[in-house]
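Just below is one structure, and these are the notes that go with it.
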Amino acid sequence: MVELREVWAGYGAETVLKGISAALMPGRVTCIAGPNGCGKTTLLQAVTGLCRLQGGEVLVDGLPSSRLSTRQLAQRVAYLPQGRALPDLTVYRMVLHGRFAYLGYPRRYRPEDHAAARAALGWAGCAELADRPLAALSGGQRQQVYIAMALAQNAQTILMDEPTTYLDVRARFGVMELARRLAGQGRAVALVLHDLELALRYADWMLLLQNGALAAAGAPREICKSGRLGEVFGVAVHEAATPHGSQYYFTPPAQNGGRPL
């Protein structure tokens, strides 16, 4: 579990997050949403220590993150950033990188590290890609591999920054289904998402940010029905009954109609 208590954070003299209090709970998929520049990525980086805290504290499994070493924090929290380099590695070697937090010196992989990497590949549904170069994969396949690397890290909290960006519809659903399975294992899963339809479909909880502050927190559909989602994004929110249950779509605020997303 990760808890943010009145967290202020930013870069240099710039303050981005302004007094955020929230919890990333085990067994729950949390969506972090809000307009561009509102502090979503900064929130994840405040948890992982990549962004300096200017006030407040972050607790990881009940311990202040400031008291945890980089290695101890990596054993508890896995972070998949939005922009990643593309190393010249096979899929299997990339997934093994998730075990770095458990290696001593010199860094030599043990049988348990290889077992964890193989299990993670299977769980992420990409075991058949193990021997392929990472550069030869599609965007969706690479995302599976990065998630497998996080699973090999064996962290109970998994943070993903825009994991569905640039993926096709089927791949986006695949990532979100995997997030739900991870939460079903008892892990805390938090994702920055711009795709509000996916958030409303898959997330258990939403943190809605606006100008670095927490505008709302709760079940995504309740936030949607409250009007806060539309207010923060400056759009009109509509609910439509379908054979698959209620679905939401968004239109410009002055527009009465519109096609569902």
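Owing to the predicted nature of the structure, the values given are computational and were not obtained by experimental measurement.
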Can you confirm whether the side chains of Q82 and T41 place a donor and an acceptor under 3.5 Å from each other?
no
Which distance, rounded to the nearest 0.5 Å, do you find between the CD1 of I32 and the CG of L208?
11.5 Å
Please round to the nearest 0.5 Å and tell me the distance separating atom CG of L24 and atom CG of L43.
7.0 Å
Does the R142 side chain pair with the main chain of L137, one donor and one acceptor, at a distance under 3.5 Å?
yes
Do any N or O atoms from the side chain of Q156 and from the backbone of M1 form a donor-acceptor pair under 3.5 angstrom?
no
Taking the inter-plane angle between the rings of H114 and Y109 on a 0 to 90° scale, is it parallel (under 30°), tilted (30 to 60°) or perpendicular (over 60°)?
perpendicular
Kindly indicate whether the side chain of L134, heavy atoms from C-beta on, has any atom under 4.5 Å from the side chain of Q141.
no
Verify same cluster id: Y79, L151 (apolar side-chain graph, 4.5 Å)
no
Taking C-beta and beyond as the side chain, do M149 and Q153 meet within less than 4.5 Å on heavy atoms?
no
When you compare the side chain of L193 with that of P163, does any pair of heavy atoms fall below 4.5 Å?
yes
What pairs with H97 under ring-ring contact (aromatic ring centres under 6.0 Å, His included), at least two apart in sequence or on another chain?
F100
To the closest 0.5 Å, what do you measure between CZ (R170) and CZ (R172)?
13.5 Å
Using a cut-off of 6.0 Å, state whether more than 12 heavy atoms not belonging to R180 lie near its atom CZ.
yes
Mind checking ring-ring contact (aromatic ring centres under 6.0 Å, His included) for Y11 and listing every partner two or more places apart, or none if nothing turns up?
none
Going by atom types only, do T251 and H238 share a side-chain donor-acceptor pair under 3.5 Å?
yes
Exercise: do E197 and Y249 side chains pair donor with acceptor under 3.5 Å:
no
Between R187 (side chain) and N154 (backbone), is there a donor-acceptor pair under 3.5 Å?
no
